[in-house]
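Comments concern the structure below.
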2 protein chains.
Amino acid sequence: MEAEWGSQTRRVTSGAMRAVAEYIGRSDLQPGDCLPPERELMAELSVGRSTIREVIRHWQALGVVESRRGSGTYLLRRISPETMHLPLAVDSGRNGLLQMLEVRRGLEVEASALAAVRASASDLERIASRLLIMEAVHREKGCAGPEDLAFHLSVYDASGNPVFNQLLSQMRESVQTLFGMSRVRVDFAARSFPFHRELFEAIAAKDPDAARSKTLSILAIVEEDIQDMIR
Amino acid sequence: MEAEWGSQTRRVTSGAMRAVAEYIGRSDLQPGDCLPPERELMAELSVGRSTIREVIRHWQALGVVESRRGSGTYLLRRISPETMHLPLAVDSGRNGLLQMLEVRRGLEVEASALAAVRASASDLERIASRLLIMEAVHREKGCAGPEDLAFHLSVYDASGNPVFNQLLSQMRESVQTLFGMSRVRVDFAARSFPFHRELFEAIAAKDPDAARSKTLSILAIVEEDIQDMIR
DNA sequence: CTGCCAAAATTGGTCTGACAACTATGAGGC
DNA sequence: GCCTCATAGTTGTCAGACCAATTTTGGCAG
């Protein structure tokens, strides 16, 4: 009998969530665009404002929208009614950081392997160009944080699975905002630098096993340096 | 100037979120227990009920609590104020399922490798016992769904990183509820059966590379069968 | 016409009160 | 002891009001 949860419970909010998701999916809203104001949605869906607000809160918690007081509610990521959401809770602090690193390693290794299998010619071209930029900046300044990130992002994209990019980007963001690593050593992970070319070559050679192991090499150095940094 | 978001914006709700998280962290609430009613929290924190409700909606969206009309709001997972949340959006449908599988592969492989490095004697014992159960049931009935799950869960736990268990469990749940795979073939992934013992032996031998490759073997079969199933 | 500034309109944030829908509890009848 | 049912407690929803931040508008000075 417990399967009857849909009888009456939460039909308005649930319906409103669906309606808003459908609206987003049907409209031409792009990330960064503004949703209709709460009062308008309220009138259009014939529900109370608090219901609309709770729906927005829900999407907000899921990182789909962002509200700016006095301005409006803005779309951060496109969703459809069939989007599935997996909230992930990780402890903060040293343990949380180390746990995140291990999860990240699993994802990054798999993304590299998939990239090796699936990278198209244009993917390879993009990765190569970012590798060159990264190497140039590294030779010039001794480090290349943003360029390194750009390189890895292009690898994630080459995996053909957008979930990797989404997850890894969010993990990077969360780590950065939560642990405030603004002042990293200038030579952070510098030793991993030569492996990036090897990773690229493994991907270009369509060798997933080599891509896995090269990624592991890079991450081993990154993790060592992080361990040093947090002592 | 736009970066001044913390000036006054969202201080009540944000403070209430923090307060509720602190309350949960400080109290002895266990998953399944009931939170104080909204009116009580409202009075205790000196905020309006709508604010409390929006806070609860937030935690609800993140899968931390569940509300039952007429009954109360129940804790699903323990959190502390320092918990970090990573919402993840995955498309439904074929593509989403395949994308999830790839992410799962990355996580599962890494969890196995970590288990090989870190499994304690008691971890090994637990994995072994579940392996034996699984093998027994498999011989008897030809399949062993729940026992297989139990085996893998014990491997995740042996990784020493609870995030793997959390993520993989949630992914399994989501897949099951969203794609409704109630009627799987009775011999689903039966071919992966012999590899489980090999995976256990790799972990017992503390050989992370072997654990990686055995896990890949298991998942390759699972993925083949899923591909067959969704055609 | 251009540029600056104050007022007005817009929009999200919060509070309050009320009622509906549902659940859990316990008293009373059998 | 068991069942029924009234009652209190809890979440869900709506309505209206006001506050706070932002954006837009319109007027005024140059």
Side-chain angles (χ1 to χ4, degrees), chain A residues 1-20 23-24 27 29 31-76, chain B residues 1-20 23-24 27 29 31-76:
Chain A
M1 182 72 69
E2 52 86 33
E4 261 331 354
W5 69 273
S7 59
Q8 197 73 259
T9 318
R10 286 229 245 116
R11 231 183 37 215
V12 178
T13 297
S14 170
M17 287 231 337
R18 185 164 198 81
V20 172
Y23 174 86
I24 294 176
S27 69
L29 281 184
D33 288 354
C34 197
L35 268 68
E38 296 178 352
R39 291 169 176 88
E40 199 172 311
L41 287 172
M42 173 183 84
E44 191 160 340
L45 303 180
S46 306
V47 298
R49 189 168 163 222
S50 52
T51 301
I52 289 291
R53 283 191 58 74
E54 290 185 17
V55 170
I56 289 179
R57 268 290 205 255
H58 191 99
W59 294 125
Q60 202 177 55
L62 260 29
V64 174
V65 301
E66 176 193 28
S67 290
R68 294 178 211 157
R69 182 191 222 152
S71 174
T73 301
Y74 296 83
L75 188 64
L76 295 181
Chain B
M1 183 69 72
E2 53 85 34
E4 252 346 340
W5 69 273
S7 58
Q8 195 73 261
T9 318
R10 287 229 244 120
R11 236 189 29 221
V12 177
T13 297
S14 171
M17 287 233 336
R18 183 166 199 80
V20 172
Y23 173 86
I24 294 176
S27 70
L29 281 183
D33 288 354
C34 198
L35 267 68
E38 296 176 354
R39 292 178 183 88
E40 202 172 307
L41 288 171
M42 173 181 84
E44 191 161 339
L45 303 180
S46 307
V47 298
R49 192 172 160 222
S50 52
T51 302
I52 290 291
R53 283 190 59 76
E54 290 185 15
V55 170
I56 289 179
R57 278 305 237 224
H58 191 101
W59 293 126
Q60 201 178 55
L62 260 29
V64 174
V65 301
E66 175 194 28
S67 290
R68 295 177 211 159
R69 179 192 220 153
S71 173
T73 301
Y74 296 83
L75 187 65
L76 294 181

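Order of the sequence lines fixes the chain letters, A, B, ..., with proteins taken first and strands second; residue numbering starts at 1 for each chain.
- Of the side-chain N and O atoms in B:Ser67, none sit less than 4.0 angstrom from OP1 or OP2 of D:dT10.
- Atom P of nucleotide C:dT10 and atom CG of A:Leu35 are separated by 19 Å, given to the nearest angstrom.
- At a threshold of 4.5 Å between non-hydrogen side-chain atoms, the residues B:Val65 and B:Leu75 count as touching.
- In this structure, the CD atom of B:Glu40 is 10 Å from the P atom of D:dT11, given to the nearest Å.
- With hydrogens and angles ignored, a donor-acceptor pair closer than 3.5 Å exists between the side chain of A:Arg49 and the base of C:dG13.
- Side-chain proximity of A:Val47 to D:dG12, C:dC15, D:dC14: nearest is D:dC14.
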Inset, instruction - Begin from the C-alpha positions of B:Val20 and B:Ile56 and carry the test side-chain contact (heavy atoms from CB on, under 4.5 Å) through to its verdict. - result: CA-CA 9 Å; B:Val20 172; B:Ile56 289 179; over 6 Å; no

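- When rounded to the nearest whole Å, the span between CD of B:Glu54 and P of D:dT11 equals 16 Å.
- Atom CD1 of B:Ile52 and atom P of C:dT14 are 11 Å apart (whole Å).
- Of the candidates D:dG12, D:dT22, C:dC15, the closest approach to any side-chain atom of A:Ser71 belongs to D:dT22.
- The ring-ring contact (aromatic ring centres under 6.0 Å, His included) analysis of residues 35-54 of chain B, with sequence neighbours excluded, yields no pairs.
- Counting non-hydrogen atoms under 4.0 angstrom, A:Ser50 reaches a base of the nucleic acid.
- Each of A:Gly70 and B:Glu38 has a nearest nucleotide on DNA chain D; the 5'-most of these lies closest to B:Glu38.
- Atom CE of A:Met17 and atom C1' of D:dG12 are 15 Å apart (whole Å).
- For D:dT11, the base has a donor-acceptor partner in the side chain of B:Arg39 [N/O atoms by modelled type, under 3.5 angstrom].
- Distance, A:Arg53 CZ to C:dT14 P: 7 Å, rounded to whole Å.
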